[in-house]
Protein chains: 2
Amino acid sequence: MIIPKPGLPVRGSKTGQPIMALLDLLGRSWAMGIVWHLYKGPSTFRELQDYCESISPTTLNTRLGELNKCHLVERCLEGYVLTEYGRELFELLEPMGSWARHRWAKSFEENDRKK
Amino acid sequence: MIIPKPGLPVRGSKTGQPIMALLDLLGRSWAMGIVWHLYKGPSTFRELQDYCESISPTTLNTRLGELNKCHLVERCLEGYVLTEYGRELFELLEPMGSWARHRWAKSFEENDRKK
DNA sequence: CTGTATCCACAACGATACTG
DNA sequence: CAGTATCGTTGTGGATACAG
């Protein structure tokens, strides 16, 4: 398991620019889904598995380990929960998600209409 | 070449959530570097190749094609340039980059000190 | 200069079975 | 319930040589 730490080589940046490490981490399968779901409150392994319908236990466990080592998720009595960093990040992600949905996605619809 | 379009399956999301498509696109090698460099102004293929020191022509061309089909980059007389969408996205990315550098990266330094 | 065509190596992920 | 161990498939990207 390669942890995308700022300063070390990551997918897309040999010098490990923090922003690239972040994009690497969050771009992996289900990472965003996990953060999104945990923002609502703590969840167990099984609950997350049900939420991410087609995720394999291998991948879910790997992802949780990565998010944990990157200080975004931590263990708790109820299973897993977002850290302070995790919550901050989620809130930064919202404007991007909003832009992606409302502006960017529209650009593809326009393109489709022209064809 | 698999283009990460919102609505179609992408790395990390089978339903192609727009935010996941975006993270997929930007998480690929050198994508951010290209956007970052082009934010300063138009560039030729060769200039981008020099800027992204170790990138192969194959990858650079693939990446430019993806960014173009996703409406973030377009061709111009001077080579390549950011579109209106591209500039909007860059500006949304800055707060995240800032957080990654100043808050998130610090969390790893703290961790290192403890060990 | 600007790409394109091949080939190769490796990391990511799902499927599955199994252990604590 | 909560993971871990293996295996096979596939995408990603570098290297290189070559074409427009």
Side-chain angles (χ1 to χ4, degrees), chain A residues 1-5 8-17 20-34 37-38 42-70 73-81, chain B residues 1-5 8-17 20-34 37-38 42-70 73-81:
Chain A
M1 173 173 43
I2 296 178
I3 306 294
K5 288 189 185 178
L8 297 179
V10 298
R11 236 176 10 177
S13 168
K14 288 188 174 173
T15 54
Q17 299 299 328
M20 288 307 297
L22 192 55
L23 288 173
D24 182 1
L25 179 65
L26 294 177
R28 296 180 183 188
S29 67
W30 293 110
M32 273 291 294
I34 292 168
H37 187 68
L38 288 182
S43 249
T44 64
F45 190 91
R46 188 63 54 173
E47 284 167 351
L48 284 166
Q49 214 172 353
D50 290 341
Y51 173 71
C52 309
E53 301 184 8
S54 67
I55 198 173
S56 68
T58 317
T59 305
L60 175 55
N61 195 44
T62 303
R63 207 60 66 235
L64 285 170
E66 292 166 357
L67 291 170
N68 175 255
K69 287 184 181 166
C70 290
V73 164
E74 59 190 1
R75 307 242 23 179
C76 67
L77 286 179
E78 301 93 335
Y80 299 89
V81 67
Chain B
M1 173 171 44
I2 296 178
I3 307 293
K5 289 188 186 179
L8 296 179
V10 298
R11 237 175 9 176
S13 167
K14 288 187 174 172
T15 55
Q17 299 298 328
M20 289 307 296
L22 193 54
L23 289 174
D24 184 359
L25 179 64
L26 294 177
R28 296 180 183 189
S29 69
W30 293 110
M32 274 290 296
I34 293 168
H37 187 68
L38 289 182
S43 249
T44 65
F45 191 90
R46 187 63 53 175
E47 284 167 351
L48 284 167
Q49 214 171 353
D50 290 340
Y51 173 71
C52 308
E53 302 184 9
S54 67
I55 198 173
S56 69
T58 317
T59 304
L60 176 55
N61 196 43
T62 302
R63 207 59 68 235
L64 285 170
E66 291 166 358
L67 291 170
N68 175 256
K69 287 184 180 165
C70 289
V73 164
E74 59 191 2
R75 307 242 23 177
C76 67
L77 286 178
E78 300 94 334
Y80 298 88
V81 66

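This structure is a prediction, so every number in the text was calculated from the model and none was measured. Letters go in sequence order (proteins before strands), and every chain restarts at 1.
- Nearest to the side chain of A:P57, among D:dT12, D:dT4, D:dA17, sits D:dT4.
- A:Y80 places its OH atom 8 Å from the C1' atom of D:dG3, with the value rounded to the nearest Å.
- Mapping A:L60 and B:F45 onto DNA chain C by nearest heavy atom places B:F45 closer to the 5' end of the strand.
- Atom CH2 in A:W30 sits 11.0 Å away from atom OG in A:S56 (nearest 0.5 Å).
- Residue A:L26 holds its CG atom at 11.5 Å from CG of B:L26, rounded to the nearest 0.5 Å.
- Picking from C:dG14, D:dG14, D:dT12 the nucleotide with the shortest atom distance to the side chain of B:I55 gives D:dG14.
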Distance-only donor-acceptor hits, side chain of residues 43-50 of chain A, under 3.5 Å, sequence neighbours excluded:
| unit_1 | atom_1 | unit_2 | atom_2 | d |
| --- | --- | --- | --- | --- |
| A:S43 | OG | A:H37 | NE2 | 3.2 |
| A:S43 | OG | A:E47 | OE1 | 3.3 |
| A:T44 | OG1 | A:E47 | N | 3.1 |
| A:E47 | OE1 | A:T44 | N | 2.9 |

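- If you take CD1 of A:I3 and P of C:dA12, they are 10 Å apart, rounded to a whole angstrom.
- A straight line from CG of A:N68 to C1' of D:dG3 spans 15 Å, rounded to a whole angstrom.
- Closest approach to the B:I2 side chain among C:dG14, C:dG3, D:dT12 is made by D:dT12 (side chain taken as heavy atoms from C-beta onward).
- Put simply, the side chain of A:T58 and the base of C:dA15 share a donor and an acceptor less than 3.5 Å apart.
- An OP1 or OP2 oxygen of C:dG3 is reached within less than 4.0 angstrom by a side-chain nitrogen or oxygen of B:R75.
- One interatomic measurement links the two molecules: CD of A:E78 to P of D:dC1, which rounds to 17 Å at whole-angstrom precision.
- Atom pair B:E66:CD and C:dG3:P shows a separation of 15 Å (rounding to whole Å applied).
- Taking NZ of A:K14 as the reference point, atom CG of A:L8 lies at 14.5 Å (rounded to 0.5 Å).
- The interatomic distance linking A:L23 (CG) with D:dT12 (P) rounds to 16 Å, in whole Å.
- Within the structure, every side-chain polar atom (N or O) of A:R63 is placed at least 4.0 Å from both OP1 and OP2 of C:dA12.
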For B:R28 and B:E66, what are the C-alpha separation, side-chain angles and deciding distance, and is it a side-chain contact (heavy atoms from CB on, under 4.5 Å)?
CA-CA 10 Å; B:R28 296 180 183 189; B:E66 291 166 358; 2.9 Å; yes
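- Put simply, B:S56 has a side-chain N or O that comes within less than 4.0 Å of OP1 or OP2 on D:dG14.
- Contact between the side-chain N/O atoms of A:R28 and the OP1/OP2 oxygens of C:dA12 is found at a separation under 4.0 Å.
- If you check every strand for non-hydrogen atoms under 4.0 Å, B:S29 touches sugar and phosphate atoms only.
- Straight-line distance from the CG atom of B:L77 to the P atom of C:dC1: 19 Å, rounded to whole Å.
- Taking atom CG of A:N61 as the reference point, atom C1' of D:dA5 lies 12 Å away to the nearest angstrom.
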